[in-house]
There are 2 protein chains.
Amino acid sequence: MEEILRQQIEKIVPLTDDEFRLVLSHFSVGNYKKHQYIVQQENPVPYVHFVVKGLLKSFYIDKSGKSHILQFAMEDWWITDNQGFYKEENATLNIDCLEDAQTYYITLENRDQLCVALLKMEFFFLQKMTAGNIALQNRILSLMSKNSEERYIQFIQLYPDLIHRIPKTLIASYLGISRETLSRLSH
Amino acid sequence: MEEILRQQIEKIVPLTDDEFRLVLSHFSVGNYKKHQYIVQQENPVPYVHFVVKGLLKSFYIDKSGKSHILQFAMEDWWITDNQGFYKEENATLNIDCLEDAQTYYITLENRDQLCVALLKMEFFFLQKMTAGNIALQNRILSLMSKNSEERYIQFIQLYPDLIHRIPKTLIASYLGISRETLSRLSH
DNA sequence: GATAATTTGTGACCTATATCACATCAATGC
DNA sequence: GCATTGATGTGATATAGGTCACAAATTATC
């Protein structure tokens, strides 16, 4: 499982065995069961998680009680409530497991220490954050310029693996459309 | 004008005079006129711009020819086409000036060199990118969970300064609604 | 300061998508 | 293996917001 994390980092910065041991020593391993919450609205957000097994989602519950999915995260993805984690505030999002999951997680303090101890890790996190920004901007443009069907088609193209692991109801919630509308599209 | 850039950086990392001179030496100054484009769809994106004067917007033109505003940038804001700039691809966005503008701009190469020469600048860029991520995620949740009126009210709260500098037509385009709908709301 | 261009408001009408309500079917837990 | 819970499809209806069209008001530009 460590290998998944190592490969993820080495896609951006090469590491010696010693360096990777140093990296790893800043993380902990967590095992979670389907339906388990790892972040809850109104509670602190102590960790960023790197998923090595399973599938999670982060979602926001609006004041009318409707749930909106911000992100899915499967193997090789990072997930947290960014606002809660980086600003050290209570969560506005929830994160729970759609499948049994295993993650490598790290605190903000450990992440900062790791960056000091191994400078290239700061570069790694910057690259990851940049890629995240680009993806988020594209999602905004997609929400503004595409209709339901176009967004659904785009989702299938971007995340073909997810289609078979996630109920349509949740894909609808990610795309910002009702499950009925998605049902009427998908054929 | 340099002072605006210095203060922006020093909100996150303190700088000596020498360090700031080093920072500054990696930037160039650009002056642009109202209606001038600084990034154009299908063209390279050589710079990130830090705005010291004036007002710009970045926008996407969809296949039906409709324009969608991704970002405004006034004094003390950064703007570029992230995808084009960081991936060194041609732009998918346009950026033009809503008012005469002045920016400090930097190439990707110079940014990377600057980070090597002055490590704290990498930390600065990481913090900025993180803050950007949080803002983008909130915008996505806003698009998914709020109606037109709520989004408009939120915009006024977030950017009270912009309301008086930007025509409603453009605010509508930023909020993802038609100008007619915004007109009917705003009173 | 006159002319052109842009912005704004508003009516009439249209449409994509939401909502509500059931029925069926599949998965999951004990 | 049965009972509960969740997923999916589909009809009927409602509605927020889009589109088109025009006029008035405001702002740029030479």
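Labels below follow one simple rule: chain letters A, B, ... track the order of the sequence lines, proteins then strands, and each chain is numbered from 1.
dT27(D) atom C1' lies 15 Å from atom NZ of Lys168(B), rounded to whole Å. Counting to the nearest Å, the P atom of dT8(D) and the NE2 atom of His164(A) are 13 Å from each other. In this structure, the CD atom of Glu180(B) is 13 Å from the C1' atom of dC14(C), given to the nearest Å. Distance NZ (Lys146(B)) to P (dA16(D)): 18 Å, rounded to an integer number of Å. Residue Ile177(B) contributes atom CD1, which lies 12 Å from atom P of dG9(C) at whole-angstrom precision. The CG atom of Leu185(B) sits 10 Å away from the C1' atom of dA16(D) (whole-angstrom rounding).
Checked against side chain to side chain donor-acceptor pair (under 3.5 Å), Ser145(B) has no partners two or more places apart in sequence or in another chain.
In this structure, Arg139(A) forms a cation-pi arrangement with Tyr174(A), its terminal cationic atom sitting closer than 6.0 Å to the ring centre and no more than 45° off the ring axis. The side-chain tip of Lys128(A) does not point at the ring of Phe125(A) from less than 6.0 angstrom away and within 45° of straight on.
Checking the phosphate oxygens (OP1, OP2) of dG18(D), a side-chain nitrogen or oxygen of Ser178(B) falls inside 4.0 Å. Using a 4.0 Å cut-off, no side-chain N or O of Ser183(A) falls inside it from OP1 or OP2 of dT8(D).
Judged by distance alone, with hydrogens and angles left aside, Arg184(B) brings a side-chain donor or acceptor within reach of the base of dT19(D), the pair sitting under 3.5 Å.
With respect to the salt-bridge test (charged N to carboxylate O, under 4.0 angstrom), the residues Glu10(A) and Lys120(A) do not qualify.
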For each nucleotide in nucleotides 22-30 of chain C, reading 5' to 3', give B when a protein heavy atom comes within less than 4.0 Å of its base, S when such contact involves only the sugar-phosphate, and - otherwise. ------S--

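Panel note: side chain Asn94(B), backbone Gln40(B); no donor-acceptor pair is recorded below 3.5 Å.
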